[in-house]
2 protein chains.
Amino acid sequence: MPKTLAAKTDGSPGVVYRGIVDGLYRGRYVPGQRLVEADLTRDFEVGRGSVREALSRLAAEGLVSMNLHRSATIRSLSRNETRDLVALLEVLNGFAARLAAERVEEGANRKLIAEAYASLADVEVQRDFLRFARARNTFYKTMVAMGANHELARLMPRTNVDLVRVQFRAYTTVDDDVRIEDYRAIYEAINEGAGRKAETAAKTHIRRLGDAIDKLPDAAFAG
Amino acid sequence: MPKTLAAKTDGSPGVVYRGIVDGLYRGRYVPGQRLVEADLTRDFEVGRGSVREALSRLAAEGLVSMNLHRSATIRSLSRNETRDLVALLEVLNGFAARLAAERVEEGANRKLIAEAYASLADVEVQRDFLRFARARNTFYKTMVAMGANHELARLMPRTNVDLVRVQFRAYTTVDDDVRIEDYRAIYEAINEGAGRKAETAAKTHIRRLGDAIDKLPDAAFAG
DNA sequence: TCCCCCAAACTCGTCCGACAATCCCTGCAA
DNA sequence: TTGCAGGGATTGTCGGACGAGTTTGGGGGA
């Protein structure tokens, strides 16, 4: 029984929570899919209460949507929602990048962001969707952590970045043209301690991402 | 107040959720206060599961903090957390104000924001903390709704504005000097459809608020 | 008298079982 | 084909139970 093991880490709801997020990245769950509580109870071997708590946390973060008396479903972004989200991420990531740049001198920050960028720039990593996704998450997480704004760190996971990443993973063109050069620009600006430059670079990156997404066919979106 | 998000057809957990948020504004609960599940079960006459769900939603929004094997408590902001939060709100509110200004022509937007501002500017309303808080929430909510960015609307209630408002309510000086003139500037910029101007006005307002909070004595903050 | 340590009371995390409410699919009838 | 009733599936909510960790009050030792 994984009870004791689970309790140490994050508890049963955490197991389900992480299991679903991970399953999303691994393709086990796809946008629109139904998440039946009884199934999850069986799959993760936890009580139904824990499943419900995990689901409501996921719903709070916008990853799944819960409808009254209907199964929770993996949320799927419409074209408009995606546009809104990208616009919001532009602002938030710009803010995060600026803060990070302003604090690059403190503690081990310079080293941390350098490492995060290094693994992102590794061509080996770039070939593997899963590894690249992880490296990218680490990069962003490091950037936010450097900024040392606790409230921003709390809020960032509550955006739906994960959804964007997963929903459009099939359309690799979205990433390929854009990603590495942009990340390099962001990293260098942060490394220089240039706040405004980092903010601009981050915003530019997100805007390019948004432009690429705009060009995707309707089939990539929900409703 | 994030009522819109949770209020609709939400059952027992919603009752508890709204009861706590409302109690916060009414002074029934104060920052730092312990929220024992058993007590809430009795007070709201719902099952413990519903209480827990409400608490975890409140925790997700940052209004309460849940401690392992210890009662949940109404979160109380430290000086640093407040500073972080204000910096974040500056960015988000600036964004919201800009979007609102850009869309003032659409639908009934001009009328809506005018009404929201009118009740905010009513001296009668300003004397009553509760009524003023409601009017201010309406103003902000209208502003966000005008922007029509669904993701921003989803994220805004997950900041801890409510906490700031409640925690420093005793120190009226924070508000008095600042509020009305700033709100007027924001409103007028939005009404003119001047995006950048509205963004600046909103940011200025938040920054002034932050300055006022910085001057508060340590007693106003948590550990 | 004062301080430290331990046992009991609290409280939360989790599981289980139960029941009603609601949704939705299926099959029957017009 | 269309409308409708019935039943299975699924969620919403409750109550009880137990383990684990925290807090607290009292007794023993210095």
Side-chain angles (χ1 to χ4, degrees), chain A residues 1-21 23 29-76 222-223, chain B residues 3 5-20 23 29-76 222-223:
Chain A
M1 208 181 318
K3 216 190 289 182
T4 47
L5 188 80
K8 279 176 188 167
T9 56
D10 195 11
S12 299
V15 171
V16 180
Y17 174 91
R18 284 193 303 280
I20 292 179
V21 173
Y29 305 113
V30 297
Q33 181 171 343
R34 296 200 327 157
L35 297 174
V36 178
E37 293 179 3
D39 296 347
L40 298 175
T41 301
R42 188 167 24 75
D43 293 346
F44 292 101
E45 295 178 326
V46 299
R48 196 165 147 230
S50 300
V51 168
R52 285 179 63 79
E53 186 167 334
L55 285 179
S56 53
R57 264 164 65 182
L58 288 163
E61 300 187 2
L63 234 71
V64 314
S65 65
M66 298 183 73
N67 314 300
L68 201 67
H69 287 293
R70 291 165 61 181
S71 302
T73 56
I74 302 282
R75 198 169 148 218
S76 173
Chain B
K3 254 184 187 172
L5 219 125
K8 280 295 173 175
T9 50
D10 229 7
S12 299
V15 171
V16 181
Y17 175 93
R18 285 192 302 280
I20 292 178
Y29 304 113
V30 297
Q33 181 170 344
R34 298 196 330 155
L35 297 175
V36 179
E37 293 179 2
D39 296 347
L40 298 175
T41 301
R42 187 166 26 74
D43 293 347
F44 292 101
E45 296 179 322
V46 300
R48 192 162 152 234
S50 299
V51 168
R52 284 181 61 76
E53 187 167 334
L55 284 180
S56 56
R57 261 160 57 184
L58 288 163
E61 299 186 4
L63 235 72
V64 313
S65 66
M66 299 184 73
N67 318 298
L68 195 69
H69 293 296
R70 291 166 60 184
S71 304
T73 56
I74 302 281
R75 197 166 150 221
S76 174

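A note on names: the letters A, B, ... follow the listed sequences, proteins ahead of strands, and every chain is numbered from 1.
- Note that the CD atom of B:E37 and the CE atom of B:M66 stand 6.0 Å from one another [nearest 0.5 Å].
- Taken to the nearest 0.5 Å, the CG atom of B:L58 stands 11.5 Å off from the CZ atom of B:R18.
- Each of A:V36 and B:V51 lies near DNA chain D, and the nucleotide nearest A:V36 is the one positioned closer to the 5' end.
- Two residues are said to be in side-chain contact when any heavy atoms from C-beta on lie closer than 4.5 Å; A:V46 and A:V51 meet this criterion.
- If you measure from atom CD of A:E53 to atom P of C:dT14, you get 7 Å, rounded to the nearest angstrom.
- Within the model, atoms OG of A:S71 and CG of A:L55 stand 9.5 Å from one another, a figure rounded to the nearest 0.5 Å.
- If you check D:dG12, C:dT14, C:dT11 against the side chain of A:S50, the one that comes closest is C:dT14.
- The nearest whole Å value for the distance from the CZ atom in B:R48 to the P atom in D:dG16 is 12 Å.
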Short N/O separations, protein against nucleotides 23-26 of chain C, under 3.5 angstrom:
residue, atom, partner, partner atom, Å
C:dC24, OP1, A:R70, NE, 3.0

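- A:L35 comes within 4.0 angstrom of the backbone, heavy atoms only, and of no base.
- A side chain to side chain contact (heavy atoms under 4.5 Å, CB included) with A:L35 holds for exactly one of A:L40, A:T73, A:V16; it is A:L40.
- Nucleotide D:dA9 holds its C1' atom 11 Å from the CG atom of A:D39, rounded to whole Å.
- The CG-P distance, from A:L40 to C:dC15, rounds to 13 Å in whole Å.
- Atom CD in B:E37 sits roughly 11 Å away from atom P in C:dT14 (whole-Å rounding).
- Residues A:L63 and A:I20 are not in side-chain contact: their nearest non-hydrogen atoms beyond the backbone lie 4.5 Å or more apart.
- Taking atom CZ on A:R52 and atom P on D:dT10, their separation rounds to 15 Å, with Å as the unit.
- Spacing between atom OH of B:Y17 and atom P of D:dT13 amounts to 16 Å, rounded to whole angstrom units.
- Atoms CG (B:L55) and P (C:dT11) sit 14 Å apart, rounded to a whole Å.
- Counting only heavy atoms from C-beta on, B:P13 has its side chain closest to D:dT13 among C:dC15, D:dT13, D:dT10.
- Minimum interatomic distance between B:A54 and B:Y17 (heavy atoms only, all atoms of both residues): CB-N, 3.8 Å.
- Of the side-chain N and O atoms in A:S12, none sit less than 4.0 angstrom from OP1 or OP2 of C:dG13.
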